[in-house]
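Take a look at the structure below.
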Amino acid sequence: MTDMTFAIPRPTGLGRFARWLRRDLRGAASLAFLLLLLTLSALAPVIAPYSPTQQDFSAIFAPISADHWLGTDDLGRDVLSRLIHGGTASLYASFLAVAIAILLGVPVGLLAGYLGGWIDDAISRIIDSFLSFPAIVLAIAVTGALGIGLTNGMIAVGIVFAPQLARLVRARTLVVRNELYVDSARCFGATTAHILWRHITPNTIQPVIVHVTLLLAAALLAEASLSFLGLGIQPPEASWGSMLARAYQNMEIAPEQMYPPGIAILLTALTFNMLGESLRDVLDPTLKRN
Amino acid sequence: MIGSTKQNAILRRLAQAIPVVVIATFLVFSLLKLVPGDIAVTLAGDNASDARIAEIRQIYGLDQPFLGQYFSWLGNVVQGDLSRSLLSGESVGASIARSFPNTLLIVVLAILIALVLGIPLGVVSASRPGGVIDTILLAIGSLGIAVPNFWLAMLLVSFFALNMNWLPATGAVPLTTSISGALAHAILPAVALAAGGVAEVMRQLRSSLVEILGSQHVRTLHAKGLSPSAILWRHSLKNVSVNLLTVTSLLFNRLFAATVVIEAVFAIPGMGSLVVKAAMNRDFPVVQGVVFVMVLVVVGVNLLTDILYRVFDPRVAR
C-alpha cells in the first residue's frame, strides 16, 4: 500500500519549459540565438574558414567576397573568422565574470540574510561599499595592479557584480527564513547548512537566474570596453572589443570595419537582455505584465 | 516637530554613508596589495635605480605592517593629499582637478539629453500602453540599452565628424575658455553616452505612469469628469516625478563609469583617460586617487538623492 500515490497532474520542469517557449516568442528567439552563438563559439576552430591570426598582406581591407564573407582587416585577416573566434573570447569572459559573481555573491547573501544581526549589518555595509565602485573603473584598476589581461579584468568585473547578487539573495532569504517549512526543518534538527542548501537556496534561485542573465549582458559590454581600451585581450588574439579597437584606429581609411564586431556585441547584449526579461515574466509571478 | 524628525532622518542617512566611505578607502588601498612581487620594484618599472625603489617604498611606507601603511595613507587622504604620480611627479589631486570638469560636462550633458528626450517619450508610451507607438518605442529602447555606447560613439564620429565635418572629432575645450567650443566638443560624446539613458528614463517613467494611471485614485478623477490630459499632466506626472529623481541618480552613477570608454574614443582628457593611462603604466597613486574620487562622487550622489527624496516626497518623510 505504501507505494500507492495519488497522481496530481503537475507540470514537470520540462513541461513548464516547453510552455514558456511556446508562449513567449521573445524568449524562444533569444534562447535559440544564444544556443547558436554558443555552438559557434565552442566549435570556432572547426567552423571558422580561416585562422583568426593568419595574415595576408596581399588582401588588406579586402571587400566582401566569396572567399571572405565579411572581408579582411588591416593585416589581411579574415573578419568572419576573427568574429567567430572573438565570440569565444567575449562569451568566455562574460561567463567567467558572472560565474565569479555567483560564487561570491550567492553564499554571502544567504549568510547575511539567514544569520541576521550584526553579521548582516556588517555584510550589508560592505555590499553598499562595493556597490559604490563603478564596475569598469575598478576593473581597470585591478588590471593595473595584477597586470594587463582579459582574465584579470573579468575577475574584477565579477567581484564588482557579486554584491548585486548578494543583495538580491539576502532580501529573498529574509523572507524565506521565516516560512513554516524552514521552522519545521529546524525543529527536526536540520543543520544550518542543510536548511540553507535544501530549503532556502531553491527559493532564492528564480530572481538570481533573471539577474544573472541581465548581468551577462553587462559583462559582455565590460569585456568589450576593457579590450577596446587595450586592457583586455592582447593581440594577435581577437575579441569583439579588441576588433573594435583596431577598427577605431583605421576609422578614417576603413570605416566599415567597425560594423561586424559592433553589431555582434549589440545583438548578443540584446539577446541576454531579452532572455532576462522573458525569464522575469515567467519566473516572477508577482510582477504584472503591463 | 516634523522638521526635526526629518532632520534626524537626514543625519541618520549621513551617518550611514561614513562606514561605506571608510570601507571603500580600505578597498582602494588594498588594490596595491594585488601588485605581484615586490611592490616597490614592480611599480618602479624596468631599469629603476635603487634610490627610486627606496623612494617608492617610502611613499607607501612599505616597511611598515599593512594596517600601518593603510592608516598613514588614510591620514594623508583625509588631509586632501592623494600623493604624487610616479610618472610625472605631478600631484594626483591637481591631475584630478584638471580632468574632472571635462568628465562632468559630458555626464551632465548626457543626463540632460536623457531627461529631455526620455520624459516625453515615456509619457507618449504610457498614454497608450500596448499601442503601436508604445511597441515601437519599447523596441527602440531595447536597442538603446543594449548598444555598446563606445561603438555608437565611433559611428557618430565617423558620420558627423569625419564625413560631414560638422563637429570636432576629438579633444575637449574647458567651459571657462569658450562655452560654444566646450559644447561643440562635448555634444557627440554626450549623445553617445545618453543613448541607454534615454531608454532607461523612458522605460521607468512609462512603467510608473502605467501603474498610476491604472490606480483607484485616477479612476476617481475620471469619474469626477476630469479631462485625460489634466489627469496625466496635473495629477499623474506629479506623482511619479520623485521616481525620476531615483532614475537620474542611478543614471549619473552608470554614465559616470561609462564615460571612461567614451573619453578614449574622443581623446578627451578626463577622469577615464587619466585612470586608463595610469593603469597601463602602473602609476598606482593616480589609479588609487581616481578610483577613490569616483567612489566619493557616487556615494555623494546617492546621499544627495536620498536627502532630496525626503525633502520632496511627503510620503517618505516620517
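Every chain is numbered from 1 and lettered A, B, ... according to where its sequence line falls, protein lines coming before strand lines. Computed from a prediction, not measured in an experiment: that's the story for all the values here.
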Query raised in the report: By side chain to side chain contact (heavy atoms under 4.5 Å, CB included), which residues pair with A:Y92, not counting sequence neighbours?
Result: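 Expected list: A:L96, A:T151.
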Query raised in the report: Taking only residues two or more places apart in sequence, or in another chain, which ones meet B:Q16 in a side chain to side chain contact (heavy atoms under 4.5 Å, CB included)?
Result: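 Applying side chain to side chain contact (heavy atoms under 4.5 Å, CB included) to B:Q16 gives B:R13.
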Review item, side-chain donor-acceptor pairs of residues 260-272 of chain A, under 3.5 Å, at least two apart:
{"residue": "A:T268", "atom": "OG1", "partner": "A:A264", "partner atom": "O", "Å": "2.7"}
{"residue": "A:T271", "atom": "OG1", "partner": "A:L267", "partner atom": "O", "Å": "2.7"}

Query raised in the report: Are the side chains of A:R246 and A:Q257 in touch, meaning some heavy atoms are under 4.5 Å apart?
Result: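 A side-chain contact is absent here, since even the closest heavy-atom pair is not under 4.5 Å.
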Query - Side-chain heavy atoms of B:V265 within contact of A:Y248, under 4.5 Å - result: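 A side-chain contact under 4.5 Å exists here.
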Given that the side chain runs from C-beta out, which part of [X] has a heavy atom under 4.5 Å from chain B: side chain, backbone, both or neither?
| X | value |
| --- | --- |
| A:A217 | neither |
| A:A247 | both |
| A:F133 | both |

Query raised in the report: Are there more than 12 heavy atoms of other residues, nucleotides or ligands under 6.0 Å from atom CZ of B:R254?
Result: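 It does not: B:R254 CZ has 12 such atoms or fewer within range.
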Query raised in the report: Hey, which residues of residues 290-297 of chain B are touching chain A, say heavy atoms under 4.5 Å apart?
Result: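 Contacts with chain A: B:V291, B:M294, B:V295.
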Query - Options B:L27, B:V299, B:V275, ranked by heavy-atom pairs under 4.5 Å with chain A, top entry - result: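 The option with the most such pairs is B:L27.
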Query raised in the report: B:L152, B:L155, B:V287: which one forms the most heavy-atom pairs within less than 4.5 Å of chain A?
Result: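 Going by pairs under 4.5 Å, I would pick B:L155.
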Query raised in the report: Who wins among A:I127, A:L229, A:N273 for the most heavy-atom pairs under 4.5 Å with chain B?
Result: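 The candidate making the most pairs under 4.5 Å is A:L229.
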Query - Largest heavy-atom contact set with chain B, pairs under 4.5 Å, which of A:P255, A:S225, A:P134 - result: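 Looking at each of A:P255, A:S225, A:P134 in turn, A:S225 comes out on top.
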Is it the side chain or the backbone of [X] that comes within 4.5 Å of chain A heavy atoms, both, or neither?
| X | result |
| --- | --- |
| B:P148 | both |
| B:L32 | neither |
| B:F256 | neither |
| B:V276 | both |

Report task. Using a strict 4.0 Å threshold on nitrogen-to-oxygen distance, state whether B:K277 and B:E263 make a salt bridge. Result ->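 Salt bridge: no.
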Determine whether the side chains of [X] and [Y] contain a donor N or O and an acceptor N or O closer than 3.5 Å.
| X | Y | result |
| --- | --- | --- |
| A:E223 | A:S239 | yes |
| B:D134 | B:S125 | yes |
| B:S127 | B:R206 | no |
| B:N253 | B:N302 | yes |

